[in-house]
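The structure under discussion appears below in the form of C-alpha cells.
Throughout, a chain's letter reflects where its sequence line sits, starting with A, and its residues are numbered from 1. Values reported hereafter were calculated over all heavy atoms of this structure, with side chains retained and with hydrogens, waters and symmetry mates removed.
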Amino acid sequence: MTASTAFHLLDERIQRFLWVEQWEALRDVQELAIPLIVAGDQDVIVAAATAAGKTEAAFLPALTHLLQHNPAGLIVYVSPLKALINDQFGRLERLCETLEIPVWPWHGDVSSSVKSRFLKKPSGVLLITPESLEAMLCNRGTAVAGAFSNAVYFVVDELHAFIGSERGKQLQSLMHRIDSVLGRQVPRIGLSATLGDMQLAATFLRSGRPVAIVETGSGGATLKVLVKGFEEPARLDKAPGPNDGLSTTAIARDLFTNLRGSNNLVFPNSRREVERYAHLLSGLCEEARIANEFWPHHGSLSREIRNDTEVALKQKDRPATAVCTSTLELGIDIGAVKSVAQIGPPPSVASLRQRLGRSGRRRGESAILRGFVIEDALGSQSTFSSQLRLDVVEIAASISLLLENWFEPPVTHGAHLSTLVQQLLSVIAQYGGMNASSAYRLLCGSGAPFEGLSPAMFTELLRHLGQEKILQQDGSGLLLHGPRGDQLVNHYTFYAAFLNDEEFRVVTGGKALGTLPVHQLLVAGQRILFAGRTWLVESVNDSDKTIFVTPSKGGAPPLFSGTGGRIHSRVRQRMRELYRGSGLVRFLDPTAQRFLDEGRLAYQGLALDERWLVDQGPYCLLLTWLGDAANEALACRLSAAGLPSALAPLGVEVTKGDLRTEVIIERVMALAHEAMPGVDDLLAEAKNLQRQKWDWALPPKLLRATYASLNLDLDEAQGWLASVHSLPNDA
DNA sequence: GACCTGCTGCGGTCTG
C-alpha cells in the first residue's frame with residue numbers, strides 16, 4: 001500500500017481507515033481514478049467490470065477533496081435503483097462516520113424527517129434517485145440554491161443504464177438545471193461497466209467539454225459456450241392454448257441436471273417463460289425429493305418474493321438458481337454465479353454481455369454460457385422463418401459477435417421531446433413561472449439537454465401546449481401551468497420520465513404476491529401460474545385492481561405475453577455470413593448445428609444470395625439484411641411512395657395489391673435516384689407514434705420528429721435503396 | 001412490441 005502514489009494522495013484520515021480495514025492494495029481502477037478526482041476540477045468517467053471497486057475509486061478521492069478543501073461540501077450520488085442507494089448507504093456509512101461526514105439516503109421509502117434534516121444542513125453525501133431529484137427541484141424550487149451551493153461532485157452510478165433513455169435525458173436536464181441555479185459547473189463523475197465507445201458516454205456525461213476517462217479491461221476472463229438445439233414435433237391435434245411443449249420440458253430437465261448443486265442464472269426472455277421454467281424446475285426438485293433450488297425473479301413479483309430469491313442466491317450453505325428477466329442484469333449484489341443460461345436469442349448482444357458479466361467472477365474460473373434454442377420440426381407447411389431456422393442463426397450470430405467483443409452502442413441521438421414537456425413543466429414549477437426565451441435558453445441552448453431543437457419548433461411546442469391547456473401565459477408573457485398542467489404536476493406520478501403499464505395486484509390470504517398487466521382477460525375460476533406456483537382465481541376487483549387467489553394444483557397457461565425487441569444491422573449481417581458459410585460452428589451442439597445446416601440449405605434453395613426480393617403470393621419480401629431501425633425507415637419510405645409496407649423478420653414486406661412483382665421492383669429501384677423525403681412527409685400517414693410518457697402532449701410535427709429520431713435509421717435505408725441496382729436479383 | 005426503473009404532501013388514526 002505504501003508503494004502506491006495514489007494512496008498518498010488520499011486524506012490521512014482515509015488512509016488510516018484503509019489500514020484499519022486491512023486493505024492490501026488499491027485496485028487498478030482506484031490507482032488510476034484517484035489522481036484525476038482528488039483535485040475536484042474535472043469530469044471523469046470510471047469504467048470497469050462489476051465488483052472492481054468503482055464506487056471507492058470515486059468516493060475515496062472525492063471525500064478527500066471534501067475534507068481538505070470544503071468541509072461543508074456536498075457530494076451528490078445519483079443511482080437508478082433504490083436498492084443500490086440502500087447498498088451504498090451501508091458501505092459508505094462506516095467510513096463516513098469515522099470522517100464525521102453525514103450520509104443522507106433520499107428516495108421514496110426514506111422518511112420525510114430525514115429529508116428535512118438534510119435540508120437544514122445540506123452537506124456530506126446525498127444518495128438520491130433522478131425522480132427524487134426531480135421532486136426536489138419541482139416542489140422546493142426556492143431551496144435548490146441553498147441545498148446544492150456547496151456541491152463538489154455529482155457521482156452518477158450505472159451510467160450505462162441511463163444513456164439513451166428518457167431517464168438519462170431527464171438526469172442530464174436535472175444536473176444542467178442545478179448548474180444553472182448555481183451559476184457554475186459542478187464536476188461530474190460517471191461510474192459504468194466497460195462500454196464500447198467511451199466517447200459516447202463522455203458526451204452524455206457532459207457535452208462540449210473534455211471528460212477524463214479511466215478504463216480497465218475485463219481481466220481476460222475466458223468464456224465457455226455451448227448452444228443446444230431442441231426440435232419441437234408438429235402438433236397433431238392443432239389445439240390452441242397453452243404450449244406445454246416437449247422441448248420446454250426437455251430444456252427444464254437439462255437445466256435441472258446441469259445446474260443442480262451450484263448457483264446460476266437462467267434467462268428465458270419474458271416473465272411468462274420465467275414462470276413456466278421456474279414451475280417446471282421446482283416440480284423436478286419435488287419429484288427428486290430434494291429441497292427446491294430454483295427461484296423466480298421478475299419485475300411483477302412483490303419485493304418480498306424477489307427478496308427471497310436474492311437471499312437464496314447470496315447465502316452460501318445451499319445452492320440456488322434464479323430464473324429471471326433483466327431485473328437481475330443490473331447492479332444489485334447477488335454474489336458469484338457459476339453459469340448463465342440463455343433460452344432463445346437474447347434481446348441484444350449488449351444485454352447478453354451484461355448477463356454474462358454475472359458469471360465466472362471468482363479468480364481462475366471461466367464464465368460459462370449455456371444457450372438453448374427451440375425450432376419446429378420441418379414439414380410441408382413450414383413457414384419461411386421456420387425453414388431458415390432464424391432463432392438458431394440469430395443466437396449464433398449474437399454469440400459470435402460477443403466473442404469478438406462487439407455489442408450494440410446505445411442510441412444517443414433521440415430528441416426525447418416527451419421528456420422536454422416534463423422538464424418545461426418542472427422548470428415552471430421550480431421558478432414559479434418563466435418567460436419563453438429563458439426557458440428556451442435553459443433547456444435548448446448551448447450545452448443544454450435538448451440542444452438542437454430550433455426556436456421555431458420550441459415555439460410550436462409552446463403554442464400547442466397552450467391550446468391543450470397544459471401551459472398558459474400571463475399578461476407579462478410569463479409561462480405558467482394551465483389547468484391541465486397543474487393537474488399533471490401536482491400528482492406524484494409526475495416525477496418519473498418513463499411510462500409503465502397499469503397492473504392488477506395479486507393477493508392471497510391478505511398477502512401480496514405481485515402484479516399482473518391490466519390488459520389480461522381474467523375470470524374467477526381460472527387457474528394462473530404466478531411466482532412459480534399454480535393459483536386459482538377466486539375473484540377480481542376492478543375498482544381496486546386486485547386479483548384474489550388461493551393455492552391450487554395443476555398446470556395452466558401463464559399470463560404474460562409476447563416477445564419483441566429490435567435487432568441491430570450488425571447482427572443481421574452476421575446472420576447472413578452464417579448462412580453463406582459452411583462447416584461447423586464450434587459452440588453449437590449436433591442438433592443446433594443441424595438446424596444451422598438446414599437453414600443454410602433453405603437459404604440456397606431459395607437462392608437468397610442471388611436476389612433481394614422474394615415473391616410470396618399476396619406480398620413481396622424485400623431482404624435488406626439490415627437492422628430494424630433501417631427496415632422500419634424503409635417501410636415508411638416505400639409506404640409514402642405508394643407501396644404499402646411493414647417490418648418483416650429479415651427486411652420489409654410489401655403488399656402487392658394490383659401491382660405485378662416486376663412493377664414493384666422497378667418502383668423500388670427508381671427510389672435510388674430520389675432524395676429521402678423529410679420526416680414530416682415520411683410519417684404523414686403514420687398512426688400510433690406515441691411511445692413515451694408525454695408524447696400525447698406533442699403537436700403532430702414534433703411527435704413525428706421525436707419518433708423518427710429514436711426509431712428510424714433513414715441514412716441506412718437510403719443507402720440500401722442506393723445500392724439496390726447493383727445487387728443481383730434473379731427473381 | 002421483451003424487459004426494467006421511480007414517486008409528494010397532506011390528512012387521518014394511533015401510540016407514547
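Contact annotation for A/His491: no contact, since no heavy-atom pair falls under 4.0 Å across all strands. No contact: A/Arg355 has no heavy atom under 4.0 Å from any strand.
Checking B/dA2, B/dC3, B/dG1 against every side-chain atom of A/Thr325, the shortest atom distance belongs to B/dC3. Of the listed nucleotides (B/dT5, B/dG1, B/dC3), B/dG1 has the atom at the smallest distance from the side chain of A/Leu647. Proximity note for A/Phe498 (side chain, C-beta onward) versus B/dG1, B/dC7, B/dG6: the nearest is B/dG6. Here the nucleotide nearest the side chain of A/Thr129, chosen from B/dC4, B/dG6, B/dG1, is B/dG6. With B/dT8, B/dG6, B/dC4 as the choices, the nucleotide that has an atom nearest any side-chain atom of A/Tyr492 turns out to be B/dT8. Distances from the side chain of A/Glu131 to the nucleotides B/dA2, B/dC4, B/dG6 place B/dG6 closest. Nearest nucleotide to the side chain of A/Arg271, out of B/dC7, B/dC3, B/dG1: B/dC3. Listed nucleotides: B/dG9, B/dG1, B/dT8. Nearest to the side chain of A/Tyr495: B/dT8. When the nucleotides B/dG6, B/dC4, B/dG1 are ranked by their closest atom to the side chain of A/Ala496, B/dG6 comes out on top.
Put simply, A/Ser132 has a side-chain N or O that comes within less than 4.0 Å of OP1 or OP2 on B/dC7. At least one side-chain nitrogen or oxygen of A/Arg306 sits closer than 4.0 Å to the OP1 or OP2 atom of B/dT5. Between A/Ser270 and B/dC3 there is no side-chain N or O to OP1 or OP2 distance below 4.0 Å. Regarding contacts with the backbone of B/dA2, every side-chain N or O of A/Arg566 stays at 4.0 angstrom or more from both OP1 and OP2.
If you take CG of A/Leu137 and P of B/dT8, they are 13 Å apart, rounded to a whole angstrom. With rounding to whole Å, A/Phe494 atom CZ is found 16 Å from B/dG9 atom C1'. Rounded to whole Å, the distance from CG on A/Asn139 to C1' on B/dC10 is 12 Å. Going from atom CZ of A/Arg272 over to atom C1' of B/dC4 covers 20 Å, rounded to whole Å. Taking atom CD on A/Gln354 and atom P on B/dC4, their separation rounds to 15 Å, with Å as the unit. Atom-to-atom, CG of A/Leu301 to P of B/dC3 comes out at 12 Å; the value is rounded to the nearest Å. Atom NZ in A/Lys82 sits roughly 8 Å away from atom C1' in B/dC7 (whole-Å rounding). Between the P atom of B/dG9 and the CD atom of A/Gln487 lies a distance of 19 Å, rounded to the nearest Å.
Residues A/Cys138 and A/Phe494 form a side-chain contact, since some pair of their non-hydrogen atoms from C-beta on lies under 4.5 Å apart. Side-chain atoms of A/Leu471 and A/Leu425, non-hydrogen and from C-beta on, do get closer than 4.5 Å to each other. Between A/Leu328 and A/Leu313 there is a side-chain heavy-atom pair separated by less than 4.5 Å.
Checking side-chain atoms of A/Asn631 against main-chain N and O of A/Val652 turns up no donor-acceptor pair under 3.5 Å.
A salt bridge links A/Glu273 to A/Arg276: at least one charged side-chain nitrogen sits closer than 4.0 Å to a carboxylate oxygen. The pair A/Arg570-A/Glu408 does not meet the salt-bridge criterion, since no charged nitrogen lies less than 4.0 angstrom from a carboxylate oxygen.
A residue-by-residue look at A/Lys115 and A/Pro80 shows that A/Pro80 has its nearest nucleotide of DNA chain B further toward the 5' end.
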